[in-house]
Amino acid sequence: MQQAPSAVKVKAIDCLHFINGEFVPSVDGKVFNNINPATEEVLGIVAEGGSADVDLAVQAAKKALQGPWKKMTASERTAIVRRIGDLILERKDELAYLESLDTGKPLWLSSSTDIPRSAYNFHFFSEYIRTLSNEASQTDDVALNYSIRRPLGVVGLINPWNLPLLLLTWKLAPALAAGNTVVMKPAELTPMTATVLAEICRDAGVPDGVVNLVHGFGPNSAGAALVEHPDVNGITFTGETTTGMAIMASASTTLKRLSYELGGKNPNIIFADSDLDEVIETTLKSSFINQGEVCLCGSRIYVERSIYDQFLDKFVEKTKGLIVGDPFIQETKVGALISREHYERVTSYIELAKEEGGHILLGGKRPEGFEKGYYLEPTIIVGLDNGCRVVREEIFGPVVTVIPFDSEEEVIEQANDTHYGLSATIWTNDLRRAHRVAGQIEAGIVWVNTWFLRDLRTPFGGMKQSGIGREGGVHSFEFYTELTNVCIKL
Ligand code: NDP
């Protein structure tokens, strides 16, 4: 297959930090290149922040906590939060192009999901916070207790590269709605939409210093400096489990509040009584959408043995129809992986699968006709068991394993046999089984006969090594606020 010419209509941007309401270079002038994963060309340059830049941003955020932001009423503040969502929608085409340039994901996906859902985060949280009330309780006729909520303070938002704007706004919207000030540190691989977002915040009327952005790397760089900074009151982090461990160690010296959304290796459990066509249609998405680079992807597929062969025939046939290629072509279903380093990591698992005795039923290689870009065919692996590293470790690419099972008890045990616990999907038309299995799966989110269906009021997060705490609805505000109990003697 030859790669067709791309239809990019928006130019990439160079990315500066945004500190105290202004776009600024790094204190030491350092920059790094931003690479297009679909072409391996340089898209532009990015300011490389370090501890001096983070310190400026944190000081601006700390000062802004006492400025006009603090004096605003909740309705004034939430009107600004809502306006950010409106401006994202006004600039949705530009943002979608930039997101696809940075990540290599298909443009239709950025346009249909990443950007509208980013806007919705602001619309949702600006309204939701106004529905919350605090607790009050009376101790006989002795005392009256009530609680008041205040902003947590300066919050550090550290984000990954797979859903850059969507995940950043998932944190920024409730943080602002609750009256905090923030320093954002996007992944160094995807700096562009965060930079536009900073501009949008300014245009929406966010006062100087309330939203700050520092680009840079993680370890020994901007990310680590933000975690270590004594004036940062909390860190909300989405990323790999091992990074979460490093952050927890360094945040312990200043005892920061932490919220963690980490890695996953999620089971997709398919019982024989399910509707197979519906299963296949959704399993294509839960396996390969966004190149499989979604923490919620169901990369461990368990299929009841009586339909195992039938499932595989249909699944392989449908997967063959997924077009891999240029993110800017409408027909493309699977774009480019994020970076050379990640491409090599993902393909190393395909080699490992062979060493572990697995059979690559489909894919496993670079599609023909692509000399440049980090493209990989959707890959289906069979013949492995739960003890194999390929089944146990997060690959975070378009790679799934399929394993047969014989009983409900067996599949529950296999699904839970992991140190991850982010999400799971169960396919069955037996209502009692759905409830029974959902109640036994160790995961923060269990979907029944669907995947990725989200209501932002519901708790989102992982069990075990997939996370600490929950965000979404009231849970977000539990993280982004401090609670004080006032006790009055009657
Ligand atoms: P990483 O953990 O590598 O990076 C996440 C962010 O942390 C980046 O901004 C990174 O900076 C920064 N960082 C890295 N090291 C440190 C450090 N020592 N101190 C402070 N910051 C640091 O994750 P990826 O970007 O590779 O994202 C993929 C991972 O994210 C997968 O494991 C995936 O499952 C998980 N994820 C989880 C989600 C969830 O909701 N549970 C949702 C989406 C993804 P830089 O990249 O610049 O080095």
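Position 1 is the first residue of the sequence, and the numbers go up from there. Both counts, for ligands and for their atoms, begin at 1 and track the order of listing. Everything numeric in this text was worked out from a predicted model, so none of it was measured.
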* Classify the side-chain pair Y302/Q414 by whether it contains a donor and acceptor separated by less than 3.5 Å. => no
* **Side-chain donor-acceptor contact under 3.5 Å, E48 with S221** => no
* Name the orientation class of the two ring planes belonging to F315 and F288 (parallel below 30°, tilted from 30 to 60°, perpendicular beyond 60°). => parallel
* Check each atom of ligand 1 against the heavy atoms of L167 and keep those under 4.0 Å away; list them by number with element. => 42 (C), 43 (C)
* **Those atoms of ligand 1 less than 4.0 Å from some heavy atom in I247** => 19 (N), 20 (C), 21 (N)
* Asked: Will you find, in the side chains of T78 and R82, an N or O donor that is under 3.5 Å from an N or O acceptor?
  -> no
* Could you tell me whether T238 approaches ligand 1 through its side chain, its backbone, both or neither, with non-hydrogen atoms closer than 4.0 Å? => both
* Nearest protein heavy-atom contact for atom 27 (O) of ligand 1: which residue, which atom, what distance? -> P160 CB, 3.2 Å
* Structure fact -> for atom 23 (O) of ligand 1, nearest protein heavy atom and its distance come out as E240 N, 3.4 Å
* Tell me which protein heavy atom sits closest to atom 11 (O) of ligand 1, plus the residue, atom name and distance to 0.1 Å. => K185 NZ, 2.8 Å
* Asked: For atom 42 (C) of ligand 1, which protein heavy atom lies nearest, and how many Å away is it?
  -> C295 SG, 2.7 Å
* Asked: N34 and D102: side-chain donor and acceptor closer than 3.5 Å?
  -> yes
* Does ligand 1 have an atom that lies less than 4.0 angstrom from a heavy atom of G462? -> no
* **From N220, I445, I158 - option closest to atom 12 (C) of ligand 1 by heavy atom** => I158
* Asked: Polar-atom distance check: T241 versus ligand 1, any N or O pair below 3.5 Å?
  -> no
* Protein contact to atom 8 (C) of ligand 1 [nearest heavy atom, distance to 0.1 Å] -> N159 O, 3.2 Å
* To do: May I ask you to identify the nearest protein heavy atom to atom 13 (N) of ligand 1, giving residue, atom name and distance to one decimal place in Å?
  => G218 CA, 3.4 Å
* Asked: Taking NZ, NE, NH1 and NH2 as the nitrogens, is one of them in K365 or E377 under 4.0 Å from a carboxylate oxygen of the other?
  -> yes
* Asked: Does a side chain donor of either E40 or N36 reach within less than 3.5 Å of an acceptor in the other side chain?
  -> no
* Asked: Heavy-atom distance from atom 15 (N) of ligand 1 to the protein below 4.0 Å?
  -> yes
* Asked: What residue and heavy atom of the protein are closest to atom 21 (N) of ligand 1, and at what distance?
  -> G223 CA, 3.6 Å
* Using heavy atoms and a threshold below 4.0 Å, how should the contact between L226 and ligand 1 be classified: side chain, backbone, both, or neither? -> neither
* Asked: So is there a nitrogen or oxygen of F460 less than 3.5 Å from a nitrogen or oxygen in ligand 1?
  -> no
* contact_flag F237 ligand 1 heavy-atom lt 4.0 Å -> yes
* Structure fact -> Taking only non-hydrogen atoms of L422 and a 4.0 Å limit, the atoms of ligand 1 in range are 41 (N)
* Ignoring hydrogens, just give me the one of W161, W170, Y420 whose non-hydrogen atom is nearest atom 25 (O) of ligand 1. => W161
* **For L262, the ligand 1 atoms whose distance to one of its heavy atoms is below 4.0 Å** => 34 (O), 37 (C), 38 (C), 39 (C), 41 (N)
* Any N or O of E394 that comes nearer than 3.5 Å to an N or O of ligand 1? -> yes
* **E188-ligand 1 polar pair, N/O distance under 3.5 Å** => yes
* Asked: Can K265 and T418 be counted as having a side-chain donor-acceptor contact under 3.5 angstrom?
  -> no
* To do: Indicate whether the side chain of S118 and that of N121 have a donor and an acceptor atom separated by less than 3.5 Å.
  => no
* Modelled atom types, side-chain donor and acceptor of S110 and S100, under 3.5 Å -> yes
* To do: Give me the ring orientation class for Y97 and F328: parallel if the planes are under 30° apart, tilted from 30 to 60°, perpendicular past 60°.
  => parallel
* Any heavy atom of G216 sitting closer than 4.0 Å to ligand 1? -> yes
* Check ion pair E281-K318 (N to O, under 4.0 angstrom) -> no
* K105 and E293 ion-paired at < 4.0 Å -> no
* To do: Please confirm whether P186 comes under 4.0 Å of ligand 1, counting heavy atoms of the residue only.
  => yes
* Asked: Cut-off 3.5 Å, side chains only: do N268 and W427 have a donor facing an acceptor?
  -> yes
* Can you tell me if S466 and K464 form a side-chain donor-acceptor pair at under 3.5 Å? -> no
* Of all the atoms in ligand 1, which lie at a distance below 4.0 Å from a heavy atom belonging to T243? -> 1 (P), 2 (O), 3 (O), 13 (N), 14 (C), 15 (N), 16 (C), 22 (C)
* With heavy atoms only and a cut-off of under 4.0 Å, state how E293 meets ligand 1: side chain, backbone, both or neither. => neither
* ligand 1 versus N162: contacting region, heavy-atom distance under 4.0 Å -> side chain
* Tell me: protein heavy atom nearest atom 28 (C) of ligand 1, and distance? -> F396 CE2, 3.5 Å
* Asked: Looking only at heavy atoms of P219, does any of them come nearer than 4.0 Å to an atom of ligand 1?
  -> yes
* To do: Go through the side-chain N and O atoms of T195 and H215 and say whether any donor and acceptor fall under 3.5 Å apart.
  => yes
* Between R202 and E22, is the closest basic N to carboxylate O distance under 4.0 Å? -> no
